[in-house]
Amino acid sequence: MKKTKEKKAFVKFIVTVMMWGLIGGTIGFCASHFSLNIGEMIELIFHWIVKSSTVLLALCYIPMALAAANLIKGKKYVVMALSQEEEEPFQKADDYIEKSITWGSYSMILSFAAFGIMASGMIEGGIAGIKGVLISLALFVLLLIILTVLQYMAVEETKKMYPEKRGNVLEEKFQKDWFFSCDEAERAKIGEAAYASHMALAKAFVIYFAAAVMLSIVIPIGPLPVIIISSLWFIQNMTYLNTIKKQK
């Protein structure tokens, strides 16, 4: 039974490698014959994305608004939980605060991406003058302030229900303090989430690395994207392996 599973895993590995090799070879062949057309098309897409960066940054306010709406609902249930001391209000308060933090995280990550896209187009003239830069910068800074306030409020509401929680969002060691104030069950959940994140990133790095290599065949993006992806990949794996080694 064990040998059968190992054979299946080996066959799956070989098929996967061959499939990616075929895809890479096909893209390389097409790129060598149609490099101008493909390159121009990708550059047009990039140019459109850069030109739309201010709009993309403004759209990041939508998940921020959802984060605020969920926090308001969560605060109401926190009041109910503390006054009634029943299980249901506690659960609903936790759910809404968790949704608020999730939407806030989406908004912050997307806003950094949009701002980075805007910054990449400043030299190329992707933004319409200094006015566009100032509008984007104002939107970005204001959004970060609002998201920080929302996260701070979410943490404080959680502390009201669970006084044993420690940590200040505005301090650098917040995540460490928060982790050590969690009980064993909560730490186990954090560990499972961290492992799931590690596995997802391991797959993502392979895909993004392959995409960067294939893209470099079509347009002259230089070695920087590959270097950045490889560096992050290296840091992730070394951190994971060193942490396991310390726990032995």
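Computed from a predicted structure; not experimentally measured. No hydrogens, no waters, no symmetry mates; every other heavy atom, side chains included, goes into these values. Positions are given from 1, in the same order as the sequence printed here.
More than 12 heavy-atom neighbours from other residues, nucleotides or ligands sit within 6.0 angstrom of NZ on K165. Counted within 6.0 Å of OH on Y106, heavy atoms from surrounding residues, nucleotides or ligands total 12 or fewer; the atom is thus considered open. By the neighbour-count criterion of 12 heavy atoms within 6.0 Å, atom CD of E164 is densely surrounded, having more than that number from other residues, nucleotides or ligands. The number of heavy atoms from other shown groups lying within 6.0 Å of CD (E186) is above 12.
Taking CG of L224 as the reference point, atom OG of S231 lies at 9.0 Å (rounded to 0.5 Å). Here the CZ atom belonging to F90 is positioned 14.0 Å from the OH atom belonging to Y77, to the nearest 0.5 angstrom. Taken to the nearest 0.5 Å, the CG atom of L57 stands 9.5 Å off from the CG atom of L137. Here CE of M64 is found 13.0 Å from CG of L110. Values are rounded to the nearest 0.5 Å. The distance from the OG atom of S136 to the CD1 atom of I117 is 11.0 Å, given to the nearest 0.5 Å. Note that CZ of F205 is 5.0 Å distant from CG of L232, once rounded to the nearest 0.5 Å.
Side-chain N or O atoms of S83 include one that pairs as donor or acceptor with a backbone N or O of V79 at under 3.5 Å. Between the side chain of S100 and the backbone N or O of Y96 there is no donor-acceptor pair closer than 3.5 Å.
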Salt bridge (charged side-chain N to carboxylate O under 4.0 Å, His left out) for E157 and K160? Distances and angles first, verdict last. CA-CA 5 Å; E157 291 300 316; K160 290 179 183 178; 3.1 Å; yes
Hey, mind stepping through W233 and Y208 against side chain to side chain contact (heavy atoms under 4.5 Å, CB included) and telling me if it holds? CA-CA 10 Å; W233 196 355; Y208 290 149; over 6 Å; no
Side chain to side chain contact (heavy atoms under 4.5 Å, CB included) evaluation trace for M161 with I97: CA-CA 12 Å; M161 295 189 295; I97 291 174; 4.1 Å; yes
Under the criterion side chain to side chain contact (heavy atoms under 4.5 Å, CB included), I'd like the reasoning laid out for M118 against F115: C-alpha separation, chi angles, the key distance, then a yes or no. CA-CA 5 Å; M118 183 276 295; F115 184 77; 3.3 Å; yes
Would you check, one step at a time, whether the test salt bridge (charged side-chain N to carboxylate O under 4.0 Å, His left out) holds for E156 with K159? CA-CA 5 Å; E156 292 304 307; K159 287 181 180 179; 3.4 Å; yes
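By the criterion of side-chain heavy atoms lying less than 4.5 angstrom apart, applied directly or through intervening Ile, Leu, Val, Met, Phe, Trp or Tyr residues, V55 is not grouped with I109; the two fall into different hydrophobic clusters. No chain of hydrophobic side-chain contacts below 4.5 Å, direct or via other Ile, Leu, Val, Met, Phe, Trp or Tyr residues, connects V155 to L71. Note: the hydrophobic cluster containing I72 does not contain W103 (ILVMFWY, side chain heavy atoms under 4.5 Å, direct or indirect links). Grouping the Ile, Leu, Val, Met, Phe, Trp and Tyr side chains by contacts below 4.5 angstrom, directly or via other members, places V206 with L201.
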Which donor-acceptor pairs under 3.5 Å do the side chains of residues 142-151 make with protein atoms, sequence neighbours left out?
unit_1 : atom_1 : unit_2 : atom_2 : d
T148   : OG1    : L144   : O      : 2.8

Which pairs of donor and acceptor atoms, one on a side chain in residues 173-182, lie under 3.5 Å apart (sequence neighbours left out)?
unit_1 : atom_1 : unit_2 : atom_2 : d
S181   : OG     : R166   : N      : 3.1
S181   : OG     : D177   : O      : 3.4
S181   : OG     : W178   : O      : 2.8

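Nearest heavy-atom pair across S107 and C60 is OG-O, 2.7 Å. Contact record, F209 with S230: CE1-OG, 3.5 Å, taken as the closest heavy-atom pair.
The aromatic rings of H198 and Y240 lie parallel to each other, with less than 30° between the two planes, well short of the 60° mark.
Donor-acceptor pairing under 3.5 Å is lacking for the side chains of D183 and Y162.
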